[in-house]
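Here the structure is laid out as structure tokens; the discussion comes afterwards.
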Amino acid sequence: FLLKRTLTSIRHYSTMCSLEDAKKVAAFKAVDEYVKNNYIVGVGSGSTVVYAVERLAERVNKEKLNLVCIPTSFQARQLIIKHKLVLGELEIHPQLDVCIDGADEVDENLTLIKGGGGCLLQEKIVASCAKQLIIIADHTKNSVQLGDKYKKGIPIEVVPISYVPIKNKIETMFGGELVLRMAVAKAGPVVTDNGNFILDWKNFKQTKDWQKINAEIQLIPGVVETGLFIGMAEKAYFGQEDGSVKEQ
Ligand code: ABF
């Protein structure tokens with residue numbers, strides 16, 4: 001009996017993938033299905049995008065693809081340079097064929113929370129210039145409603161002098177709590193690639209009306225951008241524990 005149980009658990013373990021494997025299969029599939037020769041490609045930020053860039057580089061080398069890559073952050077720029085891909089910019093390529101990016105949470109309507117890594121503004125700008133935004137993630141990011149799984153809150157990038165009034169206004173208008181994101185060791189606030197602060201909106205109420213709430217938040221003076229991406233993503237790929245990829 002014991003031997004049988006041990007063999008079953010070994011078999012079970014060997015079919016389980018790590019989170020890194022799940023990120024990788026999702027990223028590889030998205031790049032294989034959505035990137036074609038002569039494309040201008042938006043490169044997102046975060047740990048899942050690292051695998052997408054790896055796959056882009058493999059395909060450029062093997063298939064001799066001619067691609068231009070537009071970064072969404074300092075990290076993305078470094079990845080493009082490291083893999084010897086062609087680095088572009090929006091000034092020269094304001095229209096992209098596709099943008100491949102990660103997310104913190106994806107709900108059943110493909111509404112996204114992004115910006116856990118602090119790069120939401122440039123990510124949204126680049127995604128808005130792309131014909132298609134494709135999301136890559138592991139299975140832990142796939143939820144029914146925003147906030148079901150991701151507990152760090154919705155990031156809101158703000159002009160530094162306005163963080164207290166914006167915090168008070170959003171808490172009064174919609175409830176929840178806005179917390180200034182601090183750097184590691186709490187030595188000071190996180191400063192984004194654009195010189196702004198980030199407020200993380202925690203304990204917000206569940207709603208189906210993100211479009212309206214997002215529009216109202218964006219009207220508050222000092223708000224630069226929110227990490228809510230509504231109606232932008234074309235498709236999401238979620239790497240699963242068994243090594244397969246779920247498409248949504
Ligand atoms: C970016 O990186 C962000 O918008 C999101 O916050 C994060 C996802 O990172 P990871 O792939 O490491 O989970 O895409």
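Start at 1 and go down the list; that is how both ligands and their atoms are numbered. Here, residue 1 is the first one in the sequence, and each next residue gets the next number. Every value quoted in this text rests on a predicted model; they were computed, and no experiment measured them.
Taking a cut-off of under 4.0 Å to the non-hydrogen atoms of Lys114, the atoms of ligand 1 that pass are 1 (C), 3 (C), 4 (O), 14 (O). Proximity to Gly115 (heavy-atom distance under 4.0 Å) selects the following atoms of ligand 1: 3 (C), 4 (O), 5 (C), 6 (O). Heavy-atom proximity to Lys141, at under 4.0 Å, picks out these atoms of ligand 1: 10 (P), 13 (O). If you number the atoms of ligand 1 from 1 as listed, the ones under 4.0 Å from a heavy atom of Gly102 come out as 14 (O). Within the listing of ligand 1, atoms 2 (O), 9 (O), 12 (O) sit less than 4.0 angstrom from a heavy atom of Gly46. For ligand 1, the atoms sitting less than 4.0 Å from at least one non-hydrogen atom of Gly117 are 6 (O), numbered in the order shown with element in parentheses. Atoms of ligand 1 lying under 4.0 Å from at least one heavy atom of Glu123, given by number and element, are 1 (C), 3 (C), 4 (O), 14 (O).
Every heavy atom of Lys23 sits 4.0 Å or more from the atoms of ligand 1. Ser45 counts as a contact of ligand 1, since one of its heavy atoms falls under 4.0 Å from the ligand.
In the model, Asp97 has no side-chain atom that pairs as donor or acceptor with a side-chain atom of Gln132 under 3.5 Å.
More than 12 heavy atoms of other residues, nucleotides or ligands lie within 6.0 Å of CZ in Arg181, so this atom counts as buried by the packing criterion.
Under 4.0 angstrom from ligand 1, the non-hydrogen atoms of Ala103 all belong to its backbone.
Here side chain to side chain donor-acceptor pair (under 3.5 Å) pairs that include residues 61-70, with residues two or more places apart or in two chains, are Asn38-Asn66, Arg59-Glu63.
For atom 7 (C) of ligand 1, the nearest non-hydrogen atom from the set Ile135, Asp104, Leu120, Ile136 comes from Asp104.
Of all protein heavy atoms, the one closest to atom 12 (O) of ligand 1 is Ser47 OG, 2.4 Å.
Between Phe204 and Trp210, the ring centre distance stays below 6.0 Å.
Among Leu112, Asp148, Thr140, the single residue meeting the side-chain contact (heavy atoms from CB on, under 4.5 Å) criterion with Glu105 is Asp148.
When all heavy atoms of Gly116 and Pro155 are compared, the pair lying nearest together is N-CG, 4.0 Å. When all heavy atoms of Gln218 and Val223 are compared, the closest pair comes out as CA-CG1, 4.2 Å.
Checked against a 3.5 angstrom limit, the closest N/O atoms of Thr48 and ligand 1 fall inside it. Considering backbone and side-chain atoms alike, Gly116 places an N or O below 3.5 Å from some N or O of ligand 1.
Geometrically, Lys24 does not engage Tyr51 in a cation-pi contact, judged by NZ or CZ lying under 6.0 Å from the ring centre and within 45° of the ring axis. Under a cutoff of 6.0 Å and an axis angle of 45°, Lys205 and Phe174 do not form a cation-pi pair.
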